[in-house]
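Below: one structure, written as structure tokens.
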Amino acid sequence: MDLEPLPRSFYARPVLVVARAAIGQWLVHRTRAGTVAGRIVETEAYRGPEDRAAHSHGGRRTARTASMFGPPGHAYVFFVYGLHHHFNLVTGAEGEPHAVLVRAVEPLLGLELMAARRGVPADRVTLTNGPGKLCQAFAIDREHDGRDLCAGDLFLAAGARWPVERSARIGVQYAGSWAERPWRFFARANRYVSRPRGGTLRQP
DNA sequence: TGAATGATTTACT
DNA sequence: GTAAATCATTCAA
């Protein structure tokens, strides 16, 4: 299969459209250590400045959120909890701080490399079933913040169509009524979709 | 300059 | 189920 980056026009659309369209596409990262790729199975839309859960809410433009305000088709990567990275796709128009958080991926290529980076066996869903986990498996960190996803070693490629379901977002209940909005999209019947927090994640 | 905290994960009781 | 890990960013002073 040819792994060519999706065009910028894929990202230059409303954030909710991109969040839904991203399900089923491939996420690819080529590094010196090898290539890893997987199917995107879970996303969430963050629509600052009116979205209280978004870092860009209220139009706050800081050093951290700068890339969220940049042109579409670039990455927004940030670091939380002192240990984890989160990977986002910048969408919409330049100056519009909207982004799509990639929350889970189904591993397809480079499973052994992912397993080595994660320190878990390659056949476990915990390899990539969470935003922090997939960043570790794909070796995505702040180095990639602001990176162009249309030209480089980290990009989305066209994948197969996949049935999509939607729900409220996870982990941002404080966002009040906005959290009621079904801005989380996930692939139906895919075991790599993350489970809501609080529930113990058991291995098959 | 200093204190609080988070779009989470993991281990432990 | 609950708590610890762990630090860049943010906001207050």
Side-chain angles (χ1 to χ4, degrees), chain A residues 11 15-16 18-20 22-23 27 38 40-70 74-92 96-105 107 114-147 166-186 191-204:
Chain A
Y11 304 95
V15 65
L16 288 169
V18 179
R20 190 192 185 291
I23 302 293
L27 174 63
I40 295 174
V41 297
E42 183 176 350
T43 62
E44 283 180 1
Y46 284 85
R47 200 165 70 172
E50 75 271 19
D51 180 0
R52 198 164 140 249
H55 292 155
S56 56
H57 84 89
R60 298 205 53 75
R61 183 174 196 148
T62 64
R64 178 173 65 156
T65 63
S67 49
M68 231 177 144
F69 287 80
H74 287 243
Y76 169 45
V77 180
F78 63 91
F79 186 61
V80 271
Y81 298 117
L83 349 144
H84 304 296
H85 298 278
H86 284 195
F87 171 65
N88 297 252
L89 317 170
V90 177
T91 71
E96 193 179 44
H98 295 181
V100 172
L101 169 69
V102 178
R103 287 189 56 90
V105 160
M114 294 190 204
R117 287 168 175 163
R118 290 274 299 126
V120 304
D123 60 350
R124 302 293 174 84
V125 295
T126 52
L127 200 59
T128 54
N129 72 338
K133 300 177 206 177
L134 79 87
C135 282
Q136 188 179 22
F138 276 71
I140 296 172
D141 57 32
R142 276 179 314 237
E143 293 283 301
H144 301 92
D145 184 43
R147 200 70 74 84
R166 53 195 299 182
S167 77
R169 293 176 296 181
I170 293 178
V172 292
Q173 288 77 8
Y174 64 85
S177 64
W178 284 104
E180 301 299 320
R181 309 234 167 183
W183 285 0
R184 170 174 176 256
F185 299 83
F186 57 98
R191 66 201 207 99
Y192 286 92
V193 172
S194 75
R195 310 251 338 219
R197 253 185 305 175
T200 304
L201 205 51
R202 224 170 267 291
Q203 291 308 318

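Computed from a prediction, not measured in an experiment: that's the story for all the values here.
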Checklist entry - How many Å lie between CZ on Arg169(A) and C1' on dG6(B), as a whole number? => result 15 Å
Item to check | Side chain proximity check, Glu42(A) to Ile170(A), heavy atoms < 4.5 angstrom | outcome: yes
Next on the checklist: Does a side-chain N or O of His86(A) approach OP1 or OP2 of dT8(B) to a distance below 4.0 Å, or not?
Outcome noted: no
For nucleotides 3-9 of chain C, give me every protein contact, N/O to N/O, under 3.5 Å, one pair per line with atom names.
{"residue": "dT6(C)", "atom": "O2", "partner": "Tyr81(A)", "partner atom": "O", "Å": "2.5"}

Checklist entry - Mind checking whether Thr43(A) and Leu89(A) have side chains closer than 4.5 Å, heavy atoms only? => result no
Item to check | Glu44(A): partners by salt bridge (Lys or Arg N to Asp or Glu O under 4.0 Å), with sequence neighbours left out | outcome: Arg103(A)
Next on the checklist: Just the rounded figure in Å: distance from P of dT8(B) to CG of Asn129(A).
Outcome noted: 13 Å
Item to check | Distance, rounded to the nearest Å, where Glu42(A) contributes CD and dT8(B) contributes P | outcome: 10 Å
Item to check | Distance, rounded to the nearest Å, where His85(A) contributes NE2 and dA7(B) contributes P | outcome: 15 Å
Checklist entry - Less than 4.5 Å apart, any side-chain heavy atom of Trp183(A) and any of Leu16(A)? => result yes
Checklist entry - dT10(B) P sits how many Å from Arg124(A) CZ, rounded? => result 12 Å
Next on the checklist: In whole Å, I'd like the distance from the CZ atom of Arg60(A) to the C1' atom of dT5(B).
Outcome noted: 15 Å
Checklist entry - For the pair made of NE2 in His57(A) and P in dT10(C), what is the distance, rounded to whole Å? => result 11 Å
Next on the checklist: So, applying ring-ring contact (aromatic ring centres under 6.0 Å, His included) with His86(A), which one of Phe79(A), Phe78(A), Tyr81(A) is it?
Outcome noted: Phe78(A)
Checklist entry - Parallel, tilted or perpendicular for Tyr76(A) and His55(A), by the 30°/60° rule? => result perpendicular
Checklist entry - Taking the same atom, C1', in dT5(B) and in dA3(C), what whole-Å distance lies between them? => result 16 Å
Item to check | Consecutive-pair stems (3 or more, Watson-Crick or G-U, under 3.5 Å) for DNA chain B | outcome: B:1-6 with C:7-12, B:8-12 with C:1-5
Item to check | Distance, rounded to the nearest Å, where Arg118(A) contributes CZ and dT9(B) contributes C1' | outcome: 8 Å
Item to check | Side chains of Pro107(A) and Tyr192(A) in contact at under 4.5 Å (non-hydrogen atoms) | outcome: yes
Checklist entry - Is there a side-chain contact between Val100(A) and Val15(A), using heavy atoms and a 4.5 Å cut-off? => result yes
Item to check | Lys/Arg cation over aromatic Phe185(A): Arg20(A), 6.0 Å, 45° cone | outcome: no
Checklist entry - Quick one: is dT8(B) close enough that its OP1 or OP2 comes under 4.0 Å of any side-chain N or O from Arg103(A)? => result yes
